Colleague: 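The structure under discussion is supplied below as structure tokens; questions concerning it will follow.
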Amino acid sequence: MTALIIGGSGFLGAELIRQARAAGHPTAATYATKPGDASQAVWHPLDLREAGRLDAVMAEVDPHIIINASSGGADWAITAVGPIQLAMVAAKRGTRMVHVSTDAVFSGARVHYDESALPDPITPYGAAKAAAETGVLAVHPKAVVGRPSLIIGHGRSVHERLVHKLASGTVDGALFTDDIRCPVHVADLAAALLELASSDASGIHHLAGPDALSRHELGTLIARRDGLDASRLPTGLRADSTLPGALDVRLDSQATQRILRTTLRGARQFCTEPA
């Protein structure tokens, strides 16, 4: 079963490549600027805004499954339109597709969100991701949209690196005590995405851990795991900052967890284990 990982040079993409290869799947991956470190993938340059290049990559790889783990930030052409073009090509070829979205499609007004909740984004990035979800499922109804929360793991995530810098005093900043998410380990997320890609599932699936934690609570767990002085981590309130985005978004992943063999661990569990 040949797997094509879109955005393979990213944090999640690299883990998807590692697991796909470990499972014995021939694996190809795309990159926007430079290929990743995973030597076991066949790399292809790809800009999701270029429909012709997308067709060429798909024809060359001829994948059985596609997982779109790319990230274009708030760039509408990449983050909203690009995945829809990818889904159109996948649907035309009859190829299984999993599109990775985000909990940023929600405003936090409801706090608790299951798969039936309608997106109500409050940032340009969230709006682009919400548009991609709608478009992907409109043109490829058999596709899967997976919504993770904050992705952690192996000490290489943005949040883990920030905790180390804050604890050492090499950067200024704060970990918010009012910014709450349900972190998921990158290894669990990748395994769940590959499992969904290999199944007959479709539609929206939440892929977050069961523990709702503030950024500071999560930082404290990471610091203790890594032997850092957690008391050195500065705190603050996101509500007092100028950063846009929701404060409290808690994805309910129970429905998806019931159909998965993969266990989506909570941060209190995976942060007590070696990075």
Side-chain angles (χ1 to χ4, degrees), residues 1-21 23 25-102 104-105 121 124-148 151 158 186 189-190 193-194 196-198 202 204:
M1 181 178 72
T2 301
L4 174 60
I5 311 301
I6 308 295
S9 56
F11 177 48
L12 173 58
E15 181 64 19
L16 284 163
I17 292 169
R18 187 190 71 79
Q19 291 195 25
R21 289 295 297 169
H25 303 312
T27 304
T30 71
Y31 62 94
T33 54
K34 63 179 181 179
D37 297 329
S39 60
Q40 292 180 311
V42 178
W43 290 95
H44 301 266
L46 177 66
D47 185 329
L48 283 176
R49 294 169 294 187
E50 298 177 2
R53 177 61 186 157
L54 182 54
D55 280 322
V57 170
M58 288 286 286
E60 184 175 351
V61 176
D62 192 23
H64 298 90
I65 62 172
I66 302 168
I67 300 181
N68 178 30
S70 64
S71 176
D75 188 314
W76 190 268
I78 298 174
T79 302
V81 179
I84 299 171
Q85 293 187 152
L86 176 63
M88 291 173 67
V89 175
K92 181 175 63 177
R93 299 177 63 92
T95 307
R96 284 285 294 164
M97 177 176 169
V98 175
H99 170 69
V100 182
S101 188
T102 172
V105 300
Y125 170 66
K129 280 291 196 178
E133 289 185 0
T134 300
V136 165
L137 293 177
V139 302
H140 195 341
K142 293 183 179 179
V144 168
V145 169
R147 289 182 186 141
I151 306 173
V158 171
V186 66
L189 176 57
L193 291 168
L194 286 164
L196 288 168
S198 301
S202 62
I204 294 172

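Computation of the quantities below employed the complete heavy-atom set of this structure, encompassing side-chain atoms and omitting hydrogens, waters and symmetry-equivalent molecules. Computed from a prediction, not measured in an experiment: that's the story for all the values here.
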Colleague: Report the distance from atom NZ of K129 to atom CZ of R147, rounding to the nearest 0.5 Å.
Modeller: 11.5 Å
Colleague: CZ/R96 to CG/L4 distance, rounded to the nearest 0.5 angstrom?
Modeller: 14.5 Å
Colleague: With rounding to the nearest 0.5 Å, note down the distance linking OG1 in T2 to NE2 in H64.
Modeller: 5.5 Å
Colleague: If you apply the rule side-chain contact (heavy atoms from CB on, under 4.5 Å), what do you find for D75 with R49, and how did you get there?
Modeller: CA-CA 11 Å; D75 188 314; R49 294 169 294 187; 4.0 Å; yes
Colleague: Kindly compute the distance separating OG1 (T30) from CD1 (I66), expressed to the nearest 0.5 Å.
Modeller: 10.0 Å
Colleague: Identify the heavy atoms of R53 and P45 that sit nearest to each other, and give their distance.
Modeller: NE-O, 2.9 Å
Colleague: Roughly how far, to the nearest 0.5 Å, is the OG1 atom of T79 from the CD1 atom of I84?
Modeller: 11.0 Å
Colleague: Show your working on side-chain contact (heavy atoms from CB on, under 4.5 Å) between L193 and L12 and close with a plain yes or no.
Modeller: CA-CA 10 Å; L193 291 168; L12 173 58; 4.0 Å; yes
Colleague: For the backbone of L86 and the side chain of H140, can you confirm whether one donor and one acceptor N or O come within less than 3.5 Å of each other?
Modeller: no
Colleague: Closest heavy-atom contact between V145 and S101?
Modeller: CG1-CB, 3.9 Å
Colleague: Atom CG of L194 and atom CD1 of I65: how far apart are they, to the nearest 0.5 Å?
Modeller: 5.5 Å
Colleague: Could you go step by step and tell me if V139 and Q85 meet the side-chain contact (heavy atoms from CB on, under 4.5 Å) rule?
Modeller: CA-CA 9 Å; V139 302; Q85 293 187 152; over 6 Å; no
Colleague: How close do I17 and G8 get, counting heavy atoms only, and between which atoms?
Modeller: CD1-O, 3.6 Å
